[in-house]
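Each remark here refers to the structure printed beneath this line.
Whatever order the structure lists ligands and atoms in, that order sets their numbers, starting from 1.
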Amino acid sequence: MKIIGGPASQALASRVARELNLTPTVCDFTKFPDGELYTRILDEDVDEVTIIQSTTTDTDLMALLQLIDACEDSPVINVVIPYMGYARQDKKFKHGEPISARAVARTINADRVFTVNIHEASVLDYFNADAFDLNASQQIAYYIRSLGLSNPLIVSPDKGAIDLAERTAREIGVDYDYLEKVRHSGDSVTIKTKNVDVKDRDIVILDDMIATGGTMAESIKLLKSQGAKDVYLACVHPVLARNAVMRLFNAGVKDIIATDTIEKSQSCITVAPLIASTIKGLQ
Ligand code: R5P
């Protein structure tokens, strides 16, 4: 088995290879003078291959397509897309729109595809390959446990991430809840935790991703106003677009915790053991 890391997932692929006692295959990633990508795998052995590459940007997707194409002689091609861009456009929201997640999935020519906490599981059906979603809740739970928080509560910012919050909280052995919007009248809305009082508790708000930080900034302010102690944010995918990080610190976050599905300075949790154990299971 060869492990190939694309340019967006160099550290993660190296960690996966190390977990498997393998040396990752080195590739060249440069650009032609006109800006087009040049990719070359610097290894002539032909073997089953696992390519690991998040597709946060369009250029990342192109690099992944090039790597898959360059592996045409491999008997089996596994592709791990730890963070799949465009997964949120998983249906037509308005007439005339594409299903971008489907458009991306259709380009992936592989035997098996693995994602990590993909935004909607239904996206897996768009791949022309056996496709599986891995869940990073155990890795996130280990890290949160190591923080030694006081009477912590895991909170999902909406119903969408409640499964992730529940699984993570169960792993740690703590409570979980979610934020619910209650409309009292036409112009009066309150947002609060559904079941649990947050007063004097350390809170970890957990979502699959933080993009602009808008959802989280509102949630932090709300929980603070209800008497929460320290408020941490955790996510699988730290997209953290534009000024999200500063926005969140201005809103009063204690710290931002994320995995290395996207390699950022906030990526203190690695999903390498999750991916490595999955690859081991294939052999
Ligand atoms: C939405 O469905 C996702 O789970 C996240 O809540 C959302 O993408 C976060 O976006 P933002 O950080 O821009 O509020």
Side-chain angles (χ1 to χ4, degrees), residues 54-58 60 81-94 97-102 104-105 115-126 133-137 139-141 144 153-169 176-181 189 191-194 203-225 231-269 271:
S54 283
T55 56
T56 313
T57 65
D58 298 354
D60 294 333
I81 311 176
Y83 171 71
M84 179 182 164
Y86 294 99
R88 280 179 291 175
Q89 182 78 27
D90 60 327
K91 52 178 165 288
K92 284 179 196 277
F93 296 93
K94 290 183 190 151
E97 287 180 349
I99 300 177
S100 305
R102 181 179 64 188
V104 170
T115 55
V116 179
N117 290 88
I118 194 158
H119 187 65
E120 276 297 332
S122 57
V123 170
L124 300 176
D125 297 335
Y126 294 139
D133 189 47
L134 313 181
N135 195 307
S137 56
Q139 281 67 34
I140 295 171
I144 294 175
L153 176 69
I154 310 295
V155 174
S156 163
D158 52 35
K159 282 190 181 165
I162 202 161
D163 180 55
L164 178 62
E166 179 178 356
R167 287 175 77 145
T168 306
Y176 70 94
D177 204 348
Y178 67 94
L179 294 179
E180 190 183 53
K181 222 181 245 184
V189 175
I191 306 174
K192 59 190 223 36
T193 39
K194 171 79 176 153
I203 307 294
V204 181
I205 315 175
L206 175 58
D207 206 348
D208 62 337
M209 74 174 77
I210 307 174
T212 64
T215 308
M216 289 298 208
E218 283 308 306
S219 307
I220 297 164
K221 284 184 203 154
L222 179 93
L223 292 169
K224 286 265 186 191
S225 73
V231 179
Y232 292 78
L233 300 183
C235 66
V236 181
H237 310 298
V239 175
L240 297 171
R242 299 191 199 129
N243 56 2
V245 172
M246 200 169 279
R247 200 172 170 190
L248 295 169
F249 275 91
N250 283 352
V253 69
K254 177 82 174 169
D255 208 356
I256 303 170
I257 300 160
T259 83
D260 54 359
T261 60
I262 300 175
E263 298 182 1
K264 294 258 169 100
S265 61
Q266 292 78 14
S267 308
C268 50
I269 303 168
V271 293

Task: Contact residues of ligand 1, where a non-hydrogen atom lies under 4.0 Å away - done: R88, H119, D207, D208, M209, I210, A211, T212, G213, G214, T215
Side chains of residues 239-249: which donor-acceptor partners sit under 3.5 Å, not counting sequence neighbours?
residue : atom : partner : partner atom : Å
R247    : NH1  : T212    : O            : 3.1

Task: By salt bridge (Lys or Arg N to Asp or Glu O under 4.0 Å) - contacts of E166 (at least two apart) - done: R170
Open item on the list: Could you check whether atom OH of Y86 has more than 12 heavy atoms from other residues, nucleotides or ligands sitting under 6.0 Å from it?
Closed with: no
- [ ] State, without any angle test, whether H119 and D208 hold a side-chain donor-acceptor pair at a distance under 3.5 Å.
- [x] yes
- [ ] Taking K92 for its side chain and E97 for its backbone only, find out whether a donor-acceptor pair lies under 3.5 Å.
- [x] yes
Task: Residues in salt bridge (Lys or Arg N to Asp or Glu O under 4.0 Å) contact with D207, at least two apart in sequence or another chain - done: none
